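What's counted below: heavy atoms across the whole structure, side chains too, no hydrogens, waters or symmetry copies. So that the names make sense, note that chain A is the first sequence line, chain B the second, and so on, each numbered from 1. Everything numeric in this text was worked out from a predicted model, so none of it was measured.
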Number of protein chains: 4
Amino acid sequence: MLDAATAVFSERGFHAASMDEIAERAGISKPMVYLYLGSKGELFSACIRRAGGQLTEAISAAAAPELPAEQQLWAAVQAFFEFVGEHRDAWAVMFRQARGEGEFAGEVAGIRRLVVDNVADLFARAIHSAGALDPGPDELRALAHALVGTGESMAEWLLDHPDERPETAATRLMNMLWMGLGSLIRGEVWRSPVPVPLPPGQ
Amino acid sequence: MLDAATAVFSERGFHAASMDEIAERAGISKPMVYLYLGSKGELFSACIRRAGGQLTEAISAAAAPELPAEQQLWAAVQAFFEFVGEHRDAWAVMFRQARGEGEFAGEVAGIRRLVVDNVADLFARAIHSAGALDPGPDELRALAHALVGTGESMAEWLLDHPDERPETAATRLMNMLWMGLGSLIRGEVWRSPVPVPLPPGQ
Amino acid sequence: MLDAATAVFSERGFHAASMDEIAERAGISKPMVYLYLGSKGELFSACIRRAGGQLTEAISAAAAPELPAEQQLWAAVQAFFEFVGEHRDAWAVMFRQARGEGEFAGEVAGIRRLVVDNVADLFARAIHSAGALDPGPDELRALAHALVGTGESMAEWLLDHPDERPETAATRLMNMLWMGLGSLIRGEVWRSPVPVPLPPGQ
Amino acid sequence: MLDAATAVFSERGFHAASMDEIAERAGISKPMVYLYLGSKGELFSACIRRAGGQLTEAISAAAAPELPAEQQLWAAVQAFFEFVGEHRDAWAVMFRQARGEGEFAGEVAGIRRLVVDNVADLFARAIHSAGALDPGPDELRALAHALVGTGESMAEWLLDHPDERPETAATRLMNMLWMGLGSLIRGEVWRSPVPVPLPPGQ
DNA sequence: CATGAATGAGGCTTCATTCAT
DNA sequence: TATGAATGAAGCCTCATTCAT
C-alpha cells in the first residue's frame with residue numbers, strides 16, 4: 001500500500017494526489033486505506049518515514065564503521081546514488097514533494113539531518129586521523145550539509161541521464177569534494193581508496 | 001500582486017495556496033487577480049518567471065564579463081546568496097515548490113539550466129586559462145550542475161541560520177569547490193582573488 | 001434523478017438551472033449527481049436523449065406498421081399529443097430549452113429528424129397508395145417538417161389550455177393537414193378512419 | 001446597440017451572453033449599456049420588443065387591409081418569411097431563446113398573440129366572405145395558432161436551406177394551409193390569387 | 001474484514017453590476 | 001458624458017472522509 005501511495009505522491013505531489021487513485025493503484029478500497037493509516041497526512045508521513053528509513057538504512061549498511069573515514073564516505077556516496085536510482089519514487093517524495101509542504105518539511109529535514117550528521121562525523125574523523133586543524137563542529141556540519149546538497153543535485157542529474165552509471169556520479173562527487181576544482185585543474189584526480197566493488201551480478 | 005502571490009505560494013505551495021488568500025494579501029479582490037493574470041497556473045508561472053528573471057539578473061549583473069573566470073564565479077556566488085537572503089519567498093517558490101509540480105517543473109528547470117550553463121562556461125574558461133586538459137562539455141555541465149546543487153543546499157542552510165552572513169557561505173562554497181576537502185585538510189584555504197567588498201552600510 | 005433534472009431544466013433552462021437545485025430536488029447530494037452523470041452538460045444531454053427516446057418510442061408504438069399510412073399518421077399524432085400532455089417537463093426541455101443552447105441543439109435536431117423522416121415516409125406511402133404524383137423526397141421532407149412544426153405549436157396550445165383534450169388537438173391537426181382550410185371552408189371535415197379509442201379509464 | 005445585443009443573444013442565449021461581449025461588439029463601454037438600458041434583463045426585453053415590433057410591422061405593412069383576406073394572408077406569409085431571412089438574429093432571439101426564459105416568455109407570447117389574432121381575423125373574414133359556417137372564435141384562434149407554428153417551423157427550414165427562396169416556403173405553406181394534403185394528393189394546387197410582387201429593387 | 005455509496009466543505013472561475021474619474 | 005477599474009455573489013466541480021452493509 002505504501003508503494004502505491006509513494007508512487008502517486010511522487011507523480012502528483014501531496015495535494016494533487018487523490019486518495020481515490022492511491023486506493024485504486026493499491027488494489028484496495030478507500031476505507032481500508034483509512035483503516036490502516038488514518039488520514040492522508042499520516043499516509044504521506046508514513047511514506048516519508050519509510051523512504052527515510054530505507055535511505056539511512058542503505059547508507060548505514062554500506063558504510064562499515066570499522067573502515068577508514070574516507071572509505072566509508074566513498075561507500076556511503078555510492079549507496080546513496082544506488083538508492084536513488086532504485087527508489088525513484090521514494091526519492092521524489094522526499095526530495096521534490098515533501099520539502100515544500102510545510103507540515104511535512106520537518107520530517108524530511110530530520111532525515112536529512114541524520115545523513116548530514118553522519119557525514120559530518122566522517123569528515124571529523126578524516127580530519128582528525130590526518131592530524132589536521134579541527135575546524136569546529138558547526139563548520140563541519142555546514143560542509144556536510146553542502147556535500148549532501150551536492151549529492152542531491154547529482155542524484156537529479158543521474159535521474160535525468162539514465163545512461164550514466166551511479167559509480168560515475170559517485171566518483172565525480174568524491175572528486176569535487178576531495179580535490180576541489182583547483183586540484184582538478186592541476187591534473188590531480190581522486191581515486192577510490194579501495195578497488196571499486198563490482199555491481200552485484202557482474 | 002506578484003509579491004503577495006509569491007509569499008502565499010512560498011508558504012503553502014501551489015495547490016494549498018488559495019486564490020482567496022492571495023487576493024486578500026494583495027489587498028485586492030479575486031476577480032482582479034484573474035483580470036491581470038488569468039488563472040492560478042498562470043499566476044504561479046508568472047511568479048516563477050519573475051523570480052527566475054530576478055535571480056539570473058542578479059547573477060549576471062554581478063559577474064562582470066571582463067573579469068577572470070574565477071573572479072566572476074566568486075561574484076556570482078556572492079550574488080546568489082545575497083539574492084536568496086533578500087528574496088526568501090521567491091527562492092522558496094522556485095526551489096521548494098515549483099520543483100514538485102510537474103506542470104511547472106519545466107520552467108524552473110529552464111532557469112536552472114541558464115545558471116548551470118553560465119557556471120559551466122566559467123569553469124571552461126578557468127580551465128582553459130590555466131592551460132589544463134579540457135574535460136569536455138558534458139563533464140563540465142555535470143560539474144556545474146553539481147556546484148549549483150551545492151549552492152542551493154547552502155542557501156537553505158543560510159536561511160536556517162539567520163546569523164550567518166552570505167559572505168561566509170560564499171567563501172565556504174568557493175573553498176569546497178576550488179580546494180576540495182583534501183586540500184582543506186592539508187591546511188590550504190581558498191582566498192578571494194579580490195578584496196571582499198564590504199556590505200553596504202558597514 | 002433524471003426526473004428531477006428534467007423538471008429543473010424545464011423550469012429554469014440550462015444555464016439558469018443550478019446543480020444545487022437539481023441535487024436537492026432529486027433528494028441526493030451534488031457529488032452523487034456528478035458521480036452518476038459526470039457534468040452538467042452530460043446531465044442535460046441525458047435528459048434530452050431520454051425525452052427523445054420516450055417520444056419516439058411513444059410514436060413508434062402507436063403507429064403500427066401494418067396499418068395504412070393515414071391511419072398510422074392519425075395514431076402517431078394522437079400519441080404525440082398524449083406524450084406532450086403527460087411529459088410536460090420532458091417536452092419543455094426539448095422544445096423550449098435545448099433548441100436555444102447551441103451545444104445541444106444538434107441532439108434535439110437529431111430527434112426531430114427522426115420524427116420528420118417517419119412522417120415523410122408516411123406521406124410518401126399515403127401518396128403512393130393513392131396513385132398520385134410523387135412530389136419527390138425533398139418536397140416531402142419539407143412538408144413533414146412543416147407538419148411537425150404544426151404539431152409542436154398545437155402542443156404548446158394544448159399545454160396552455162388544460163381543458164382541451166388531446167383528441168381535439170389531434171383532430172384539428174389532421175383536418176388542417178388533410179383537408180386544408182379551403183376544404184374546411186367548403187364544409188368538408190376529416191374524420192378518423194377508425195373509431196377513436198377511448199382514453200384509458202373512461 | 002440593440003443590434004449588437006440581438007446578435008450576441010441570438011448566438012449565445014440569454015444567460016450565456018455576457019454584457020462584456022455585448023458592450024464590446026456594440027463598440028461602447030459597459031457602463032453605457034447600463035445607462036441606456038438599465039440591466040441585462042431590460043436589454044433582453046428591449047431586443048425582444050424591437051424584434052417583435054419589426055416583425056408585426058413587416059406583416060402589417062404587407063397585408064393591406066383593403067385586400068381580400070386570402071390575398072392578405074398570402075402577403076403576410078411572404079412578409080414573414082422575408083423578415084426571418086433578413087433578420088435571422090432577431091428571429092433567433094424571439095423564437096429560439098426567449099421562449100425558454102420564463103421571465104421573458106410572456107413578452108414573446110404577447111407578440112405571437114398579435115400575429116395569431118391577425119391571422120384568426122383573416123381566417124374569419126375568409127370564411128365569412130365565402131358564406132361558410134362560422135367555426136367560432138376559439139376554434140379559429142386554435143387554427144391560427146397552428147398555422148403560425150407551421151410558419152415558424154418552415155422558417156427554421158428556410159434558415160437551414162439557404163438555397164431555398166422565401167416564395168417557395170410561402171407557397172408551400174399556403175398549399176398546406178389552404179388545400180391540405182388530401183387535396184394535394186388529388187392533384188389540386190393552390191395558386192397565388194395575385195401575381196407575385198417582385199422583391200424591392202428588382 | 002472489506003466496500004459501495006454518500007456527503008460537507010472548499011476551491012477556481014466568471015459575471016452582472018457599480019464607483020471614481 | 002464616458003470609462004477603466006473593481007467587486008459581491010454565485011456556480012461547477014472535486015476531494016477527504018465516513019457510514020451502512
Side-chain angles (χ1 to χ4, degrees), chain A residues 1 5 8 12-24 26-44, chain B residues 1 5 8 12-24 26-44, chain C residues 1 5 8 12-24 26-44, chain D residues 1 5 8 12-24 26-44:
Chain A
M1 188 167 71
V8 176
R12 308 241 188 275
F14 175 63
H15 283 280
S18 92
M19 295 298 269
D20 274 307
E21 185 176 357
I22 292 173
E24 190 190 9
I28 60 180
S29 72
K30 237 186 326 176
M32 280 297 98
V33 180
Y34 280 88
L35 182 64
Y36 288 137
L37 269 312
S39 82
K40 193 185 186 183
E42 291 176 62
L43 177 55
F44 193 51
Chain B
M1 190 165 70
V8 176
R12 306 244 188 274
F14 176 64
H15 283 281
S18 94
M19 294 300 270
D20 274 305
E21 184 176 356
I22 292 175
E24 190 187 7
I28 60 180
S29 70
K30 234 184 332 174
M32 278 298 97
V33 181
Y34 281 89
L35 180 62
Y36 289 134
L37 270 311
S39 82
K40 194 185 186 182
E42 290 177 63
L43 178 54
F44 193 51
Chain C
M1 189 165 73
V8 176
R12 306 244 189 274
F14 176 64
H15 282 281
S18 93
M19 294 299 270
D20 274 305
E21 184 176 358
I22 292 174
E24 190 187 9
I28 60 179
S29 70
K30 232 186 327 175
M32 279 297 97
V33 181
Y34 281 90
L35 181 62
Y36 290 135
L37 270 310
S39 81
K40 193 184 187 182
E42 289 176 63
L43 178 55
F44 194 51
Chain D
M1 185 165 73
V8 176
R12 308 239 188 277
F14 175 62
H15 282 280
S18 91
M19 296 297 270
D20 273 307
E21 185 175 357
I22 292 174
E24 189 190 9
I28 61 180
S29 72
K30 241 185 323 177
M32 280 298 96
V33 180
Y34 280 88
L35 181 65
Y36 287 137
L37 269 312
S39 81
K40 192 184 184 182
E42 291 176 63
L43 177 55
F44 193 51

Inset, instruction - Find out whether C:Leu43 and C:Lys40 are in side-chain contact, i.e. whether some heavy atom of one side chain is under 4.5 Å from a heavy atom of the other. - result: no
Inset, instruction - Mind checking side-chain hydrogen bond (donor to acceptor under 3.5 Å, both in side chains) for A:Lys30 and listing every partner two or more places apart, or none if nothing turns up? - result: A:Asp20
Inset, instruction - Return the value, rounded to whole Å, for the distance between atom NE2 of C:His15 and atom P of E:dT14. - result: 14 Å
Legend entry - side-chain contact (heavy atoms from CB on, under 4.5 Å) partners for B:Ile28, two or more places apart: B:Met1, B:Ala26, B:Met32, B:Val33
Inset, instruction - Please report, rounded to the nearest Å, how far the C1' atom of E:dC15 is from the CG atom of B:Leu35. - result: 13 Å
Inset, instruction - Could I get the full list of side-chain hydrogen bond (donor to acceptor under 3.5 Å, both in side chains) partners for A:Glu21, not counting sequence neighbours? - result: A:Arg12, A:Arg25
Inset, instruction - Whole angstrom is fine here: how far is it from CD1 in B:Ile22 over to P in E:dG11? - result: 12 Å
Legend entry - A:Met32 vs B:Ser18, nearer the 5' end of DNA chain E by closest nucleotide: A:Met32
Legend entry - Residues in contact with DNA chain E, drawn from residues 36-43 of chain A - heavy-atom cutoff 4.0 Å: A:Tyr36
Inset, instruction - Tell me the stems DNA chain F sits in, counting at least three consecutive Watson-Crick or G-U wobble pairs, each under 3.5 Å on both distances. - result: E:2-21 with F:2-21
Legend entry - Donor-acceptor pair present, C:Lys30 side chain and E:dT7 base, under 3.5 Å: no
Inset, instruction - Identify, with sequence neighbours excluded, every residue that meets side-chain hydrogen bond (donor to acceptor under 3.5 Å, both in side chains) alongside D:Glu42. - result: none
Inset, instruction - On DNA chain F, reading 5' to 3', which nucleotide is the first and which the last to sit with an atom under 4.0 Å from a heavy atom of chain B, could you check? - result: F:dA6 to F:dG8
Inset, instruction - Indicate, with a heavy-atom threshold strictly under 4.0 Å, whether B:Ala17 touches base, sugar-phosphate, or nothing. - result: sugar-phosphate
Inset, instruction - Take the protein atom OH of A:Tyr34 and the nucleotide atom P of E:dA2, then report the distance between them rounded to whole Å. - result: 18 Å
Legend entry - Non-hydrogen atoms of B:Ala23 and B:Ser29 that approach each other most closely: CB-C, 3.9 Å
Inset, instruction - Could you tell me whether the side chain of B:His15 reaches within less than 4.5 Å of the side chain of A:Phe14, counting heavy atoms only? - result: no
Inset, instruction - Provide, to the nearest angstrom, the distance between the CZ atom belonging to B:Phe44 and the C1' atom belonging to E:dC12. - result: 16 Å
Legend entry - Spacing of D:Glu21 atom CD relative to E:dA16 atom P, expressed in whole Å: 11 Å
Inset, instruction - For B:Pro31 and for C:Gly27, find the nucleotide of DNA chain E with the closest heavy atom, then tell me which residue's nucleotide is more 5'. - result: C:Gly27
Inset, instruction - Taking all non-hydrogen atoms of both residues into account, name the closest pair between C:Val8 and C:Ala17 and its distance. - result: CG1-CB, 3.7 Å
Legend entry - Sugar-phosphate only, base, or nothing, as touched by C:Met19 at under 4.0 Å among non-hydrogen atoms: sugar-phosphate
Legend entry - First of C:Ala16 and B:Ser29 reached from the 5' end of DNA chain F, by closest nucleotide: B:Ser29
